Each structure stands twice: as structure tokens, then as C-alpha cells.
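Heavy atoms only: backbone and side chains are in, while hydrogens, waters and symmetry mates are out. Lettering of chains follows the sequences in order, A, B, ..., and the numbering in each one begins at 1. Being a predicted model, the structure only gives us computed values, none of them experimental.
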Amino acid sequence: MSELPVVFRVQRELREALDRAIDRARATLGSPQGFTGATVEVPRQSAHGDFASNVALELGSRLRRPPRQVAQVLADHFDPAGTWVRELEVAGPGFVNFRLHPSWLYEAIEQILRQDADYGRSELGAGLKVLVEFVSANPTGPLVLVAARAAAVGDTLASCLEWSGHRVEREYYVNDAGRQVELLAQSLEARMRERLGEPAVIPEGGYPGQYLVDLAQEALDALGPGILQDPGRLAVLRDWTVARLVQAHREELAAYGVRFDTWFHEAAFRAGGAVEEVLEILQARGLLYERDGARWFASTRFGDDKDRVLVKSDGEYTYVLPDAAYHLNKLRRGHQKLINLWGPDHHGYIPRLKALLEALGYGPDTLEVLTVQWVRLLRGGDPVRLSKRGGVTILMRDLLEEAGTDAARFFFLMRSHDSPMDFDLDLAKLRTAQNPVYYVQYAHARIASILREAARRPQGPGTADLARLTDPSELGLARRLADFPEEVALAATAREVHRLTRYATDLATLFHKFYDTCRVLGEDGGLTRARLALVDATRIALRNALRLLGVSAPERM
RNA sequence: GCGCCUAUAGCUCAGCGGAUCAGAGCGCCGGCCUCCGGAGCCGGGUGCGCAGGUUCGAGUCCUGCUAGGCGCACCA
């Protein structure tokens with residue numbers, strides 16, 4: 001159980017004090033209908049106070065009174081006792097702005113130093129069980145560029161959810177059943193025969209990529225050429241290749257800092273009869289019908305555009321059916337919320353899967369699908385063109401070799417997952433100033449350097465008196481440090497992980513400004529100790545933010 | 001034809017349930033180191049695709065249009 005972050009405590013106190021003011025002003029204002037309580041937010045501009053509430057604007061419309069008047073009445077009835085409020089003003093159309101005594105920031109700094117590696121955690125999620133499924137690339141070839149984006153977003157989202165009090169499982173779905181892996185096996189067999197000098201052709205819709213040429217030799221070494229005479233060879237080759245490719249995916253992702261709790265294999269799952277069970281449930285609920293020799297699901301009853309085939313006329317299942325069974329399985333494992341990260345090419349498929357889950361008895365918000373948009377790689381300012389047909393596509397490992405994990409993750413996480421993005425390879429590769437990831441890491445290295453220097457110098461006796469921190473650059477930095485738990489929570493609940501790179505950049509900027517304005521190691525022992533505490537707190541927040549992003553926080557660069 | 005995403009500074013992008021910001025990084029120009037890391041700091045900007053609408057107030061919400069990407073299978 002982590003302690004309540006100061007920033008949340010302050011906001012709660014303000015909310016409660018505002019609610020009391022509303023209560024006291026009831027004689028003047030009357031009772032608002034359907035009002036659920038005051039909200040307090042962090043203003044974007046510091047000129048608008050440390051915190052602000054739009055409560056008077058909300059009340060104004062409910063009470064049919066000018067918001068500014070409501071705000072003034074609330075201000076008159078506001079009792080700052082028990083809060084940090086030092087000053088309160090009515091501003092703009094009726095905002096109530098609060099300026100707090102800086103001691104709340106000193107308390108925040110103390111909390112940061114106390115919590116250290118846990119600073120930023122909160123319990124807002126109340127232990128909700130969430131499954132985040134991401135990447136889930138088909139085991140038919142190496143991971144491609146967009147997998148790196150999905151991996152970064154999914155992993156950091158999962159981390160943010162964990163840090164804000166959710167119980168999270170990271171899952172990778174291995175599509176090792178169906179036609180595509182049969183084609184994979186046939187393609188491999190062709191390459192093996194080719195290796196042995198036999199005539200061979202890659203089947204229509206198969207996999208012509210170079211990687212199978214390499215794997216063919218491996219397969220021959222591992223399984224022996226005799227396998228090609230075996231009547232059951234395709235199943236053997238399929239299992240062998242899939243295992244080999246999945247292993248490669250696992251290792252590549254691990255090197256990228258992404259570890260999954262579960263690798264969920266479709267083939268094994270389907271063998272367990274779960275798919276048939278879904279059909280039975282739907283049948284029992286009268287949601288299936290026969291037409292043209294196929295079995296249809298009445299998905300339009302659940303908001304889909306049209307009804308969908310679940311069992312084709314040849315008896316095979318369409319993809320959505322086992323997928324629905326899989327998602328049912330996720331829910332039966334106790335997860336209360338399912339988050340999937342998919343590419344934009346799958347979005348048309350979302351309504352029918354949601355329809356199936358609803359038909360199985362789950363609410364429409366149980367499954368949330370986030371779209372990770374495509375990545376275009378820029379080199380020398382021009383897009384790197386890829387042609388999948390010719391087997392030339394940009395691989396995740398190509399990017400990581402060239403840009404490195406830190407730059408790749410940071411760059412992907414700078415953008416909203418929902419926006420198509422250009423990845424500027426030249427900028428990401430720069431080991432210098434202009435690269436945003438180095439800007440942030442540099443701040444961390446600089447802090448480490450100061451702390452090293454401080455450790456070398458003799459320290460006089462005494463404790464840090466944080467009240468010595470009064471410079472705007474000091475307070476501005478401390479203020480942003482205090483925001484961290486809220487930033488993490490917002491990144492998690494709004495599914496906007498790119499907030500975190502922005503936050504880290506903000507911290508770096510504020511730190512550099514502070515560094516430029518204030519000398520840390522000076523003659524004044526008390527001031528030096530106070531500033532060292534601030535510097536150390538910055539180190540902690542920056543390091544924790546980078547940790548959530550999966551980017552290293554170097555001590556030296 | 002229908003649906004989803006996108007359109008904000010020269011470039012790449014933020015702008016979280018209207019009001020209390022048009023912003024960041026890169027690029028460009030000009031300043032700042034006897035001192036804890038100058039990989040830094042400071043200064044320089046008449047930009048929200050177009051047209052309507054709602055409102056006291058609209059990058060933000062609604063409608064239409066334009067442009068780019070993606071989808072709309074008895075493929076996965």
C-alpha cells in the first residue's frame with residue numbers, strides 16, 4: 001500500500017473545502033440539482049494559480065446565476081483552515097484559482113525522497129484486473145516496424161496502469177492455428193527442397209522472404225533431410241518453424257525491454273473445445289441462423305453493420321469465432337477490463353468482436369481496442385519505401401540496430417498512438433544535442449554528476465531546510481515533480497502514454513533552468529542541502545518516468 | 001457508397017469532459033561559460049485545411065466539404 005501522493009491529498013482537501021463552502025452558501029445560492037461535487041484541476045498556466053476549480057461555472061448553469069457571482073459567493077464562504085491555501089481569487093468567467101503556501105511543495109519533496117523508486121505510484125485503479133494484449137504478430141516472419149511502436153505503447157501503458165493501482169497482465173497472442181501457418185510450413189518445405197537441389201515453388205500466398213531460406217538450413221540441420229519423406233512432415237515443420245519464430249520474437253522484444261506475462265497459443269487453446277462452447281452459448285440464445293450453408297451470427301443486434309459468418313459453408317471457422325472464444329477466456333481468467341492494441345487495418349473488425357462479447361453477456365466497455373497507427377520511416381527527410389511484395393520490408397530489428405532501444409522507445413512514445421507518425425531516423429540516431437531523448441537523459445546524467453560532486457565534498461552537520469527553496473526556478477521545478485503521480489494516472493486512464501515523454505521533457509527543461517539560475521553546491525550549507533534535496537528528488541522523478549518509458553537513465557554520458 | 005484515423009509554426013508533433021494560453025522539439029538568426037557536465041540557458045513566431053452552426057466564448061463541440069491513410073470477406 002503506497003501512501004497517497006501529496007498532489008492528490010492537496011486536491012482532495014480543496015475539493016472538500018469547496019464542497020463545504022457550497023454547503024455553507026446554500027442559503028444564498030440554493031441547492032444545485034444533480035451536482036456531484038467540486039472538481040479541482042491543475043491550470044495549464046501557473047499565472048492561474050497552483051490549482052483551480054471550474055465549480056462555479058458548473059453551478060452557474062444549474063442555478064441559473066452568473067458564474068462569476070457564484071464564484072464570488074463561494075470565495076466568501078471558503079474557509080482555508082486545514083488546507084494549504086494562501087490566496088484565492090475569482091478569475092475569468094468564474095474560475096476559482098488557488099495559490100498555495102509553498103510548504104506543500106516541501107512536503108512533496110520529502111515524500112519523493114521517502115518513496116524513491118515507488119514515487120509516482122497510486123491506488124486509483126483500486127486493484128482492477130486489466131489484461132493488455134499487444135504486438136501479437138503472426139508467427140510467420142520477423143517482427144516489422146510497427147511492432148516496435150505497438151510494443152513500446154503497450155508496455156508503457158501496462159506499466160502506467162500498474163503504477164496507478166491496476167493489476168495488469170501483459171499478453172501476446174500467438175496465431176499458430178489456421179491457414180497462414182500451413183502456408184508457412186509449405187513455404188519452409190519448398191525452401192528446404194530448394195536447398196537440396198530439388199525443384200520447389202513457394203505456394204500461392206506463401207512466404208517468400210529470405211528468413212525462410214536461412215531457417216530452411218537450420219531445419220535441415222535440426223530435423224535431418226529425411227523429414228521430407230515423412231507423410232506427417234508439414235505438421236512437424238509447422239510446429240518447428242512457429243516455435244523458432246516465436247522464440248525469436250520473444251528474444252527481440254525482451255531486448256527491447258518488453259516482457260510478456262503470457263504467450264497465449266491459439267492452436268492449443270482451440271484444441272480444448274472453447275470455440276465450440278461459444279457456438280453452443282450463441283445457439284442457446286437464439287443468435288445463430290443458417291444461410292447458404294453457413295452459420296451466421298446476428299451481430300446487427302449488437303450494433304454491427306451486418307450479420308457475420310462464424311462457420312463457413314466448408315465447415316471452417318471464420319477468424320472472429322476463435323477470437324471471441326479467446327476473449328471470453330481472458331474474462332474467465334478474472335480480468336475485468338480487456339485492452340487490445342491493434343493496427344488500423346483491423347479496425348473494421350472491432351464491432352463484430354464487441355458484438356460477440358456482448359452476446360456472451362459482457363458490457364460494451366469490457367473490451368477496449370486502441371489503434372496503433374502506421375509508422376513511416378524517414379531517412380534524409382524522405383520516406384523509406386517498403387514493398388512487402390518483393391519481401392523487402394522494414395524490420396523491427398533494423399530500426400533497433402540503427403536507432404537503439406532508448407531512441408526508438410522514446411520516439412514512439414512522443415506521439416499519440418492514434419496518429420500516424422513519421423519516424424525521423426536521422427534525428428533518432430544523433431548522439432547529440434538535438435535529439436530529444438538525449439536532452440532528457442542529459443538532465444539525469446547532469447544530476448548524477450552533481451550528486452557525485454556533492455559526495456566528494458565535505459558536508460557540514462545539519463539537515464535540509466526546504467523552506468530555503470524560494471526561487472521561482474526552484475518552486476517551478478518542485479511543482480512539476482509533485483505532478484508526477486497524476487501524470488502517470490492520466491497516462492493510464494486516458495490511454496495517453498505520450499503524456500509521459502512530454503512530462504520527462506518538461507522536467508528536464510525545468511531542471512536545466514534551475515541549474516542555470518541556482519548554484520547547487522555553494523558556501524551556504526543550509527541552502528546547499530535544500531537544493532541537493534531538490535536535485536535528488538528530480539533525479540528520482542526523472543528516473544521513474546524514464547523507467548516507465550523503458551528508456552535508460554544514464555549516470556554518465 | 002459507408003465507416004474509422006489524420007489535417008495546428010518551414011519540418012515532426014502536443015494541446016487531457018468548452019472558458020484559463022496557440023505551445024514543444026527540430027531548423028534558422030542573435031546573445032550567455034574564471035564556478036556543480038555549454039549534450040545547457042536566454043531572446044527572436046501576424047500558424048489551428050475550407051464553409052457554415054451551437055454558445056457570452058470554439059484547434060477543442062455539431063453539420064457539410066476538401067485532402068491523405070486505413071478499413072467495409074464464407075482472409076487472418
Taking atom types as modelled and ignoring hydrogens, do the side chains of [X] and [Y] form a donor-acceptor contact shorter than 3.5 angstrom?
X         : Y         : answer
Glu41(A)  : Ser53(A)  : no
Asp418(A) : Thr371(A) : no
Tyr439(A) : His512(A) : no
Gln441(A) : Asp406(A) : yes
Tyr326(A) : Glu171(A) : yes
Ser473(A) : Asp471(A) : yes

So what does [X] touch, heavy atoms closer than 4.0 Å: a base, only the sugar-phosphate, or nothing?
X         : result
Ser313(A) : base
Tyr317(A) : sugar-phosphate
Ala91(A)  : base
Glu555(A) : base
Ala454(A) : nothing
Ile450(A) : sugar-phosphate
Asp305(A) : nothing
Ala294(A) : base

Over how many whole Å does the gap from [X] atom [atom1] to [N] atom [atom2] extend?
X         : N      : atom1 : atom2 : value
Lys354(A) : C4(B)  : NZ    : P     : 13 Å
Leu321(A) : C74(B) : CG    : C1'   : 13 Å
Phe514(A) : C42(B) : CZ    : P     : 14 Å

Ion pair check, [X] and [Y], cut-off under 4.0 Å:
X         : Y         : value
Asp536(A) : Arg539(A) : yes
Arg480(A) : Glu487(A) : yes
Arg15(A)  : Asp19(A)  : no
Arg468(A) : Asp524(A) : yes

Provide the distance between the two [atom1] atoms, one in [N] and one in [M], to the nearest whole Å.
N      : M      : atom1 : result
U63(B) : C72(B) : C1'   : 24 Å
A22(B) : C28(B) : P     : 29 Å
U6(B)  : G45(B) : C1'   : 25 Å
G47(B) : G37(B) : C1'   : 37 Å

Closest nucleotide among [options] to the [X] side chain:
X         : options                : answer
His512(A) : A19(B), C41(B), A76(B) : C41(B)
Tyr442(A) : A19(B), G37(B), G25(B) : G37(B)
Tyr515(A) : C16(B), G37(B), C74(B) : G37(B)
Arg352(A) : C72(B), G37(B), A19(B) : C72(B)
Lys513(A) : G37(B), C42(B), A76(B) : C42(B)
Arg502(A) : A76(B), A39(B), A14(B) : A14(B)
Asn138(A) : A76(B), C70(B), A39(B) : A76(B)
His347(A) : G69(B), A76(B), G3(B)  : G3(B)
Asp292(A) : C70(B), G25(B), C74(B) : C74(B)
Gln373(A) : C5(B), A39(B), C16(B)  : C5(B)

Assign each of Ala508(A) and Gly522(A) to its nearest nucleotide of RNA chain B by heavy atoms, then name whichever residue's nucleotide is nearer the 5' end. Gly522(A)
Sorted by position of nearest nucleotide on RNA chain B, 5' first, the leading residue of Asn97(A) and Leu451(A) is Asn97(A)
Based on the glycosidic angle (syn within 90° of 0, else anti), state the conformation of C33(B). syn
Is the base of G31(B) syn or anti, where syn means the angle lies within 90° of 0? anti
Against the six-membered ring of Tyr317(A), is Arg179(A) placed for a cation-pi contact (under 6.0 Å from the centre, within 45° of the normal)? no
Contact under 4.0 Å: Tyr439(A) side-chain N or O vs C41(B) OP1/OP2: yes
Short side-chain N/O contact from Lys306(A) to OP1 or OP2 of C2(B), under 4.0 Å: no
Applying side-chain hydrogen bond (donor to acceptor under 3.5 Å, both in side chains) between Asp304(A) and each of Arg301(A), Lys306(A), Arg308(A), report the one that passes. Arg308(A)
Can you give me the N/O atom pairs linking the protein to nucleotides 6-12 of chain B at distances under 3.5 Å, or say none if there are none?
residue : atom : partner   : partner atom : Å
U12(B)  : O2'  : Arg415(A) : NH2          : 2.5

Base paired to C41(B) (Watson-Crick or G-U; both N/O distances under 3.5 angstrom): G31(B)
Extract from the structure each pairing of a protein N or O with an N or O of nucleotides 28-32 of chain B at less than 3.5 Å, listing the distance.
none

Counting distance alone, no hydrogens or angles: does the base of G71(B) have a donor or acceptor under 3.5 Å from a partner atom on the side chain of His346(A)? no
